[in-house]
Amino acid sequence: MNIKIRLAFQFMLVVAGILLFFAGLVFYFTYTSHRDKFRSTLLNRAKNTAIIMVSRQQIDTALLKNIHESTFESQNQEIMITDTNFKTLYTYNTEFLTTVKLPAILKPESYGFFTMAGKDGIFYRFQYKQTPTIIFFLAFDNSRNIFLHEFRQILFWGILFSLWLSALTSYFLSRRAFMPVMEIIKNVKDINSSSLSKRLDEGKRKDELEMLAMTFNEMLADLEVAFKNQEDFVSNASHELRTPLSVLIVESDYLLGQDRTPEEYKAHISDLVIDMKKLNIQLNSLLELAQINSSNTLPLQNVRIDEIIFESILQVKNRFKGRKIIPKIQYPENENDLLIHGNAGMLTIALKNLIENACKFSDNEVNIEVALTDEFIKLNISDTGIGIPSAELEIIYKPFTRASNAKFKSGFGIGLSLVARILEVHEAILETVSTENEGTRFEILFKRLTLTKQ
């Protein structure tokens, strides 16, 4: 049973419960209303009978019989008049009214109603010749029973028709309500690993189904990024690792091809070690790029930008020993003004790559300047090296892309793409200013995170 039919069935059950409840209430109040009217008629007949008897010196049974036969419209009426000891003074058409049953019916009140054998009855006390006397009326309200029978039929067929109508209406409404869901299912079936760029219609982005489409689109965006990163990593790894691995295999085959002197073995093994170190650096760069691409949400915390800079300089100096790397930091009165919200490890990788590039493509000192503005912490890393051709400033941040004048320097073209991705995740602004043969300046703007000094 699909959801549409199940909802229609559940709605029909709810409607059926409501209809039966209100039908029961209507029938009950209709029944009690007719019963009370009939009992009121019985009470009036009992009073009139008492008045007639009081006005007479003795009970005129013939007169009472004529009155009862001509004026009372109910069927199978029974009348009995007794004293308080249930001695019969007058009877008419008695069948169920017997002196044996009367004590159980009688109550202390002046009058009261009862039911016997499906008939409505009343007892009424009055004084006849200074003697307490009781009139018992018992009659069958045929008109009420006919009306209630017809009324039951009307309610029965009315409920059946209402249930049929509610079933059709609920199924139509559920189909209409689920049309957007069916549309979503249809569109989702058209989406696969090769068409993750497709998106669901989000409408006005107000109701729950449109929110579901929005959530699904967000998931599709994440999947698209994940698949794109996977494809990029596989493509980059296969492209960049195939050549060095092939070189290592060829060199190893060449080394094993014939016996050589220890000096030759040592020389070839030294070359292999150098090639493997380069491959290791290249592989680590690929893994770092894949890591940052695979997660748009890094664990972030409040970190000091000056500490990131000093850690990056320390790591670079281990490679470029003796190189002058000069940090110029504008320290504010409140030390918290140097705080940014970021990931210390990833930021260190980004700054280390920029400083290494400055050291690699310049023989002079590298300057690092930090200044504060109202909204940003401004970081400049500059060198006086070979620079970057102006036409290539837009492409240097693409993976495995290098400036045309940097071919003679070792590298894989991954560092700047990794820097750009890390700064993008940190919502930092990166600008590159470079003049060929004069130098390059990387300008980074971090949003300030100002905290109250404790």
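Computed from a prediction, not measured in an experiment: that's the story for all the values here.
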To the nearest 0.5 Å, tell me how far [X] [atom1] sits from [Y] [atom2].
X    : Y    : atom1 : atom2 : value
T432 : L430 : OG1   : CG    : 5.0 Å
F446 : I340 : CZ    : CD1   : 4.5 Å
L138 : K101 : CG    : NZ    : 9.5 Å
D36  : F29  : CG    : CZ    : 11.5 Å
I154 : H149 : CD1   : NE2   : 10.5 Å
K378 : Q330 : NZ    : CD    : 11.0 Å

Check: Within a radius of less than 6.0 Å around CZ of F114, do more than 12 heavy atoms belonging to other residues, nucleotides or ligands occur?
Finding: yes
Notebook entry, point to check: How about N145 and S143: does a side-chain donor come under 3.5 Å of a side-chain acceptor?
Noted result: no
Margin query: Looking only at side-chain N and O atoms, does H426 offer a donor or acceptor that is under 3.5 Å from a partner on N343?
Written below: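 Distance-only check fails for N343 and H426.
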Item checked: Trace of the side-chain contact (heavy atoms from CB on, under 4.5 Å) decision for I18 with V15 -> CA-CA 5 Å; I18 295 173; V15 172; 5.7 Å; no
Note to self: Any non-hydrogen side-chain atom of S110 less than 4.5 Å from a side-chain atom of Y124?
What the structure shows: no
Is there a donor-acceptor pair under 3.5 Å between the side chain of [X] and the backbone N or O of [Y]?
X    : Y    : answer
S33  : T30  : no
T94  : T91  : no
T82  : T88  : no
R125 : E109 : yes
T133 : T131 : yes
N334 : N336 : yes

Notebook entry, point to check: Do NZ/NE/NH1/NH2 and the carboxylate oxygens of E311 and K352 come within less than 4.0 Å?
Noted result: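 No, this pair does not count.
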Checklist line | Atom of I377, atom of D337 and distance for their closest heavy-atom approach | finding: CD1-O, 3.5 Å
Notebook entry, point to check: Testing I381, V433, D383 for side-chain contact (heavy atoms from CB on, under 4.5 Å) with T440, which one passes?
Noted result: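 Among the candidates, only D383 passes.
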Next item on the list: For side-chain contact (heavy atoms from CB on, under 4.5 Å), just list the numbers for N367 and K328, CA-CA rounded to whole Å, side-chain angles, deciding distance to a tenth of an Å, and then say yes or no.
Entry: CA-CA 7 Å; N367 292 304; K328 300 176 182 179; 4.1 Å; yes
Margin query: Tell me if the aromatic rings of H34 and F147 count as close, with their centers under 6.0 Å from one another.
Written below: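 Yes; F147 has its ring centre under 6.0 Å from that of H34.
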Note to self: Between R152 and E150, does the salt bridge (Lys or Arg N to Asp or Glu O under 4.0 Å) criterion hold? Intermediate values first, please.
What the structure shows: CA-CA 5 Å; R152 277 194 296 267; E150 294 175 350; over 6 Å; no
Check: How far apart are the C-alpha atoms of V370 and Y331, what are their side-chain angles, what is the distance that settles it, and do they pass the side-chain contact (heavy atoms from CB on, under 4.5 Å) test?
Finding: CA-CA 9 Å; V370 176; Y331 280 97; over 6 Å; no
